[in-house]
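Structure first, commentary second.
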Amino acid sequence: MKPLRLQAFLARAGVASRRKAEALILEGLVRVNGEVAHLGQRVGPEDVVEVAGKRVEFPKERLVLALHKPKGYTTTRSDPHAEKTVYQLLPEIPGLQAVGRLDRDSEGLLLFTNDGELLFRLTHPRHGVRKVYRVWTERGTLPPEVCRRLLSGVVLEDGPARALACQPAPGGAILTLGEGRKREVRRMLKAVGYPVKRLLRLQVGPIRLGDMPPGKWRRLSEAELRALLREVGLE
């Protein structure tokens, strides 16, 4: 891998976001080959980088996996209360982290990456990465007036929330959101009187679930990875 700017290196290694990495460097907490580092410094695999005395491994190739999460799996690496976790469906890859979450009863597209900066940008509300959901409700298809309420916004216990798009579909709707608060889709639909019976995430940014079977994973293609990086300004 070619040399990286130090702040990019720390972000790729999952130490901190690029902005926080810059702060660590300015505070004198980062050393390269035993010397206090400076902003803009470039490092490669042969350099020894330490943050607060702890060595940071040079990040491997940027990796993004897509998983079709089945119902019944928890989005966590280890949970004493979870019978099954999504990591049991994936290969053992150091540093692999879930991009956001899907609750245990939800299904569909879940991304994973070993790139700390990409993870931060995909999950931070500032970037507004769109997520598309197919939902089925206990009361069936959403009427147009309910879609309009979701587009206007509803008030949840942690603040207002609104859909970016809402299209009635047999038994429910297709919703697009620009953020990913905990159980947000379920809470929004409950707030308008249409509790969710089933939830399937179809898309995250430019990445689609497609026809990938439940429980299967795949590595993003080069074209998909480039599109994902463009989505969050990391080209």
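Below, each value reflects all heavy atoms present in this structure, side chains not excepted, and no hydrogens, waters or symmetry copies. If you're wondering where the values come from, they're calculated on a predicted model, not measured in any experiment.
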Are any non-hydrogen side-chain atoms of Arg201 and Leu209 less than 4.5 angstrom apart? no
Scan residues 106-115 for pairs that pass salt bridge (charged side-chain N to carboxylate O under 4.0 Å, His left out), counting only residues two or more places apart or in two chains. Arg12-Asp115, Arg62-Asp115, Glu107-Arg198
May I have all residue pairs that pass side chain to side chain donor-acceptor pair (under 3.5 Å) and include part of residues 152-168, sequence neighbours excluded? Glu157-Arg187, Asp158-Arg181, Asp158-Arg187
Nearest heavy-atom contact between Ala191 and Leu156 is CB-CD2, 4.3 Å
From Lys71 atom NZ to Leu200 atom CG, the distance as rounded to the nearest 0.5 Å: 12.0 Å
Do Val43 and Asn33 pass the side chain to side chain contact (heavy atoms under 4.5 Å, CB included) test, and can you show the C-alpha distance, the side-chain angles, and the key distance before you say yes or no? CA-CA 10 Å; Val43 294; Asn33 301 325; over 6 Å; no
Is the shortest distance from a Lys or Arg side-chain nitrogen in Glu145 or Arg149 to a carboxylate oxygen in the other one below 4.0 Å? no
Would you call Leu202 and Arg134 a side-chain contact if the rule is heavy atoms closer than 4.5 Å? yes
Any chance you could lay out the side chain to side chain contact (heavy atoms under 4.5 Å, CB included) test for Asp47 and Phe9, step after step, and finish with the verdict? CA-CA 11 Å; Asp47 293 306; Phe9 162 85; over 6 Å; no
Exam field: side chain Arg121 to backbone Gly233, donor-acceptor pair closer than 3.5 Å: yes
Heavy-atom pair of closest approach, residues Thr75 and Gly100: CG2-O, 3.8 Å
Donor-acceptor contact present, side-chain Gln97 to main-chain Val99, <3.5 Å: no
State yes or no: do Val204 and Leu67 share one hydrophobic cluster built from I, L, V, M, F, W and Y residues joined by side-chain heavy-atom distances below 4.5 Å, directly or via other members? no
As an exercise, state the distance from OG1 of Thr137 to CZ of Arg139, rounded to the nearest 0.5 Å. 7.5 Å
Could you tell me the separation between the CG atom of Leu122 and the NZ atom of Lys131, rounded to the nearest 0.5 Å? 8.0 Å
Of all the heavy-atom pairs spanning Glu179 and Pro160, show the shortest one and how long it is. OE2-O, 4.4 Å
Quick one: are Leu142 and Leu150 in side-chain contact, heavy atoms under 4.5 Å? yes
Check: Lys84 side chain, Gln88 main-chain N or O, donor-acceptor pair, under 3.5 Å: no
Main chain of His38, side chain of Gln41: is a donor-acceptor contact present, judged purely on distance under 3.5 Å? yes
Trace of the side chain to side chain contact (heavy atoms under 4.5 Å, CB included) decision for Val129 with Val232: CA-CA 8 Å; Val129 176; Val232 294; 3.9 Å; yes
Would you indicate whether the side-chain heavy atoms of Pro206 and Leu228 approach each other to under 4.5 Å? yes
State yes or no: do Val64 and Ile93 share one hydrophobic cluster built from I, L, V, M, F, W and Y residues joined by side-chain heavy-atom distances below 4.5 Å, directly or via other members? no
What distance separates Leu225 CG from Leu229 CG, expressed to the nearest 0.5 Å? 4.5 Å
Kindly compute the distance separating CG (Leu89) from CG (Leu65), expressed to the nearest 0.5 Å. 12.0 Å
To check you understand the geometry: which heavy-atom pair defines the closest contact between Val86 and Leu110, and what is its length? CG1-CD2, 4.1 Å
Pairwise side-chain contact, Leu199 with Tyr133, heavy-atom cut-off 4.5 Å (strictly under): yes
Test side chain to side chain contact (heavy atoms under 4.5 Å, CB included) on Tyr87 and Phe112; report intermediate values, then the result. CA-CA 10 Å; Tyr87 288 94; Phe112 296 80; 3.9 Å; yes
Is it possible for you to say whether Phe120 and Leu10 belong to one hydrophobic cluster, with membership spreading through side-chain heavy-atom contacts below 4.5 Å? no
Taking the side chain as every heavy atom from C-beta outward, state whether Val32 and Glu35 have any pair of such atoms under 4.5 Å apart. no
For the student: nearest non-hydrogen atoms of Thr141 and Pro168, plus distance: CG2-CB, 4.0 Å
Modelled atom types, side-chain donor and acceptor of Ser106 and Arg186, under 3.5 Å: yes
Once you round to the nearest 0.5 Å, how far does CG of Leu118 lie from OG1 of Thr113? 4.5 Å
Verify, without hydrogens or angle tests, whether Lys69 (side chain) and Asp103 (backbone) share a donor-acceptor contact under 3.5 angstrom. yes
Count I, L, V, M, F, W, Y as connected when their side-chain heavy atoms are under 4.5 Å apart, and connections chain through other members. Are Ile174 and Met188 then in the same cluster? no
Val196 versus Glu138, closest heavy-atom pair with distance: O-OE2, 4.2 Å
Take atom CZ of Arg208 as the centre, draw a 6.0 Å sphere, and report whether it contains more than 12 heavy atoms from other residues, nucleotides or ligands. no
With sequence neighbours left out, which residue pairs that include part of residues 218-229 fulfil the salt bridge (charged side-chain N to carboxylate O under 4.0 Å, His left out) condition? Glu61-Arg219, Arg218-Glu224
Counting N and O atoms only, with roles assigned by atom type, does the side chain of His68 sit under 3.5 Å from a partner on the main chain of Met212, one being a donor and the other an acceptor? yes
Cluster overlap Val185 with Val154, hydrophobic side-chain contacts below 4.5 Å: yes
With no hydrogens and no angle check, is any side-chain donor or acceptor of Thr74 less than 3.5 Å from a backbone partner on Thr76? no
Any side-chain heavy atom of Leu39 sitting closer than 4.5 Å to one from Leu6? no
Should Leu175 and Leu189 count as side-chain neighbours, where that means a heavy-atom distance under 4.5 Å? yes
